[in-house]
Amino acid sequence: MPANKKVFVLPGDGIGPEVVGEVRRIIDWMDKRRHVSFDLSEGLVGGSAIDAHGTPLKDETLADAMAADAVLFGSVGGPKWEKIPFEIQPERGLLRLRKEMDLFANLRPAMVFDALADASSLKKELVAGLNIMILRELTGGVYFGEPRGIETLPDGRRRGINTQVYTTDEVQRVARVGFELAQKRDNRLMSVEKANVMESGLMWREEVTKIGAEEYPDVALNHMYADNCAMQLVRAPKQFDVIVTDNLFGDILSDCAAMLTGSLGMLPSASLGAEDPTTGTRKALYEPVHGSAPDIAGQGKANPLAQILSFAMLLRYSFDMGEDADMVEKAVDNVLNAGFRTGDIMTPGGKLVSTEQMGSALLAEMDKLAA
Ligand code: IPM
Ligand code: MG
């Protein structure tokens, strides 16, 4: 079979290379067992790129990411690079990728696997069966708004500035993705902002309401303030289906939702651009919600499942390989049911395994599922 599925791999820093390594094993497995080959290439991003080239993202690397069908991203950052100038810190590499690839729609599904309902910090009955989708706007808002910076005032005080700013088209396009996701799920959309305090939030609410009434009257749309949403996520998380929110609130609320599922180590994400009208494809980057976890990097302790589930999203959204994605997700469910646990999701009676052992257990399940 021709290798036409171009995947650009950016393992990054910390545990990134370890967890991405487990995905590479799945890719090899798919090559051998399912005759699906990927055209893989790899690049440097974040701290590892700073060490090699003095910048967290080279222009060439960005060009490779743009040319790929999908980017599989690990994680960036760590204490080693904390002291370097802000403009070239590891995170800037990821933010530049998101911005330049125009990956405005960030899908962060929070699902509780039955076997992990006990690993959640909430009572089991509150989270068992939880399946919500947080849709985070990813290329606008305070993350990129101008003016920004740190300035020194005439009297010597310093002033730090960031700007929360959205235009109607930015709100409309992410809202449409939210409505469309809801239509494929339980048909409910919760739009989250702070319209009581911020004009940008008020405009957001008005635009989402308008799109809903004009284009998606069948979807049940509701609105919530972000602080209330944080509270509701820990009070009664199952009330939500799809949540659409801005860049900063989405960052915060998705970490919160992640913990409901037992561990940050379980949450995948997909960052998608607009559909190309001629090819029907989208630029896309897949990354776990967790960070580079420098404290456990290189020790074989990291949970590879969020990265593996991000790969399942890649199969589903970039290559329309829903069956294969289902199989990977089923294999994750099975290894958890069989009791395999990395430290972050350890539950009483669980079998503590390393990153690589978790990968091996997963491949064994894939073998069974493919038999
Ligand atoms: C995330 C991360 C990033 C963000 C960091 C690493 C820049 O926290 O993807 O949620 O703030 O967006
Ligand atoms: Mg975050």
Side-chain angles (χ1 to χ4, degrees), residues 10-17 19-20 44-50 55-57 62 65 71-82 84-110 132-145 148 160 162-164 166 170 174 192 226 229-230 233 243-261 263-273 284-295 297 302-303 306-307 309-310 313-314 344:
L10 290 170
D13 311 320
I15 61 170
V19 293
V20 166
L44 293 176
V45 69
S48 56
I50 295 170
T55 165
L57 182 72
L62 175 63
V71 177
L72 185 73
F73 189 97
S75 51
V76 288
K80 183 174 173 198
W81 304 283
E82 260 160 24
I84 67 171
F86 184 79
E87 305 74 46
I88 57 159
Q89 283 191 355
E91 290 77 5
R92 309 307 312 170
L94 172 59
L95 294 169
R96 182 166 174 226
L97 273 168
R98 290 174 177 170
K99 185 70 179 176
E100 303 239 5
M101 293 173 76
D102 203 16
L103 305 171
F104 67 93
N106 181 217
L107 282 59
R108 299 190 159 190
I132 61 183
M133 175 69 85
I134 296 192
L135 173 62
R136 168 186 177 192
E137 198 292 326
L138 202 61
T139 50
V142 74
Y143 269 61
F144 297 98
R148 65 184 300 161
N162 289 95
T163 305
Q164 165 79 341
Y166 273 105
E170 289 176 306
V174 76
V192 172
C229 183
L233 272 174
I243 293 175
V244 61
T245 189
D246 78 11
N247 206 340
L248 182 61
F249 294 142
D251 179 46
I252 297 167
L253 295 174
S254 61
D255 263 29
C256 181
M259 211 51 226
L260 303 174
T261 71
S263 167
L264 258 180
M266 292 301 301
L267 236 72
S269 88
S271 306
L272 308 176
L285 180 147
Y286 301 85
E287 57 170 322
V289 171
H290 66 68
S292 59
D295 53 320
N303 181 352
Q307 189 78 54
L309 291 168
S310 300
M313 291 186 90
L314 176 153
D344 58 308

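Heads up: numbering here begins at 1 and tracks the sequence. Since the model is a prediction, treat every value here as computed from it, not as a measurement. Whatever order the structure lists ligands and atoms in, that order sets their numbers, starting from 1.
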Check whether any side-chain heavy atom of [X] sits under 4.5 Å from a side-chain heavy atom of [Y], and report yes or no.
X: Asn247; Y: Arg136; result: yes
X: Asn106; Y: Arg98; result: no
X: His290; Y: Ile15; result: yes
X: Lys80; Y: Asp13; result: no

Selected option - heavy-atom contact closest to atom 6 (C) of ligand 1, from Gln89, Arg92, Glu91, Glu287: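 Comparing heavy atoms across Gln89, Arg92, Glu91, Glu287, the nearest one to atom 6 (C) of ligand 1 lies in Glu91.
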Applying the side-chain contact (heavy atoms from CB on, under 4.5 Å) test to Leu135, which of Leu107, Thr245, Leu272 qualifies?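 Filter result, single survivor: Leu107.
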Among the heavy atoms of Arg108, does any lie under 4.0 Å from an atom of ligand 1?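 Yes.
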Take every heavy atom of Asp251, measure it against each atom of ligand 1, and state whether any distance is under 4.0 Å.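 Asp251: in contact with ligand 1 (<4.0 Å).
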With heavy atoms under 4.0 Å as the rule, classify the contact between His290 and ligand 1 as side chain, backbone, both or neither.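 Neither part.
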Kindly give the atom name of the N, O or S atom of Asp251 closest to the Mg ion (ligand 2).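 Per the distance ranking, Asp251 contributes OD1 as its closest N/O/S atom to the Mg ion (ligand 2).
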Find all atoms of ligand 1 within a distance of less than 4.0 Å from any non-hydrogen atom belonging to Tyr143, and give their numbers and elements.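 With Tyr143 as reference, the close atoms of ligand 1 come out as 4 (C), 11 (O), 12 (O).
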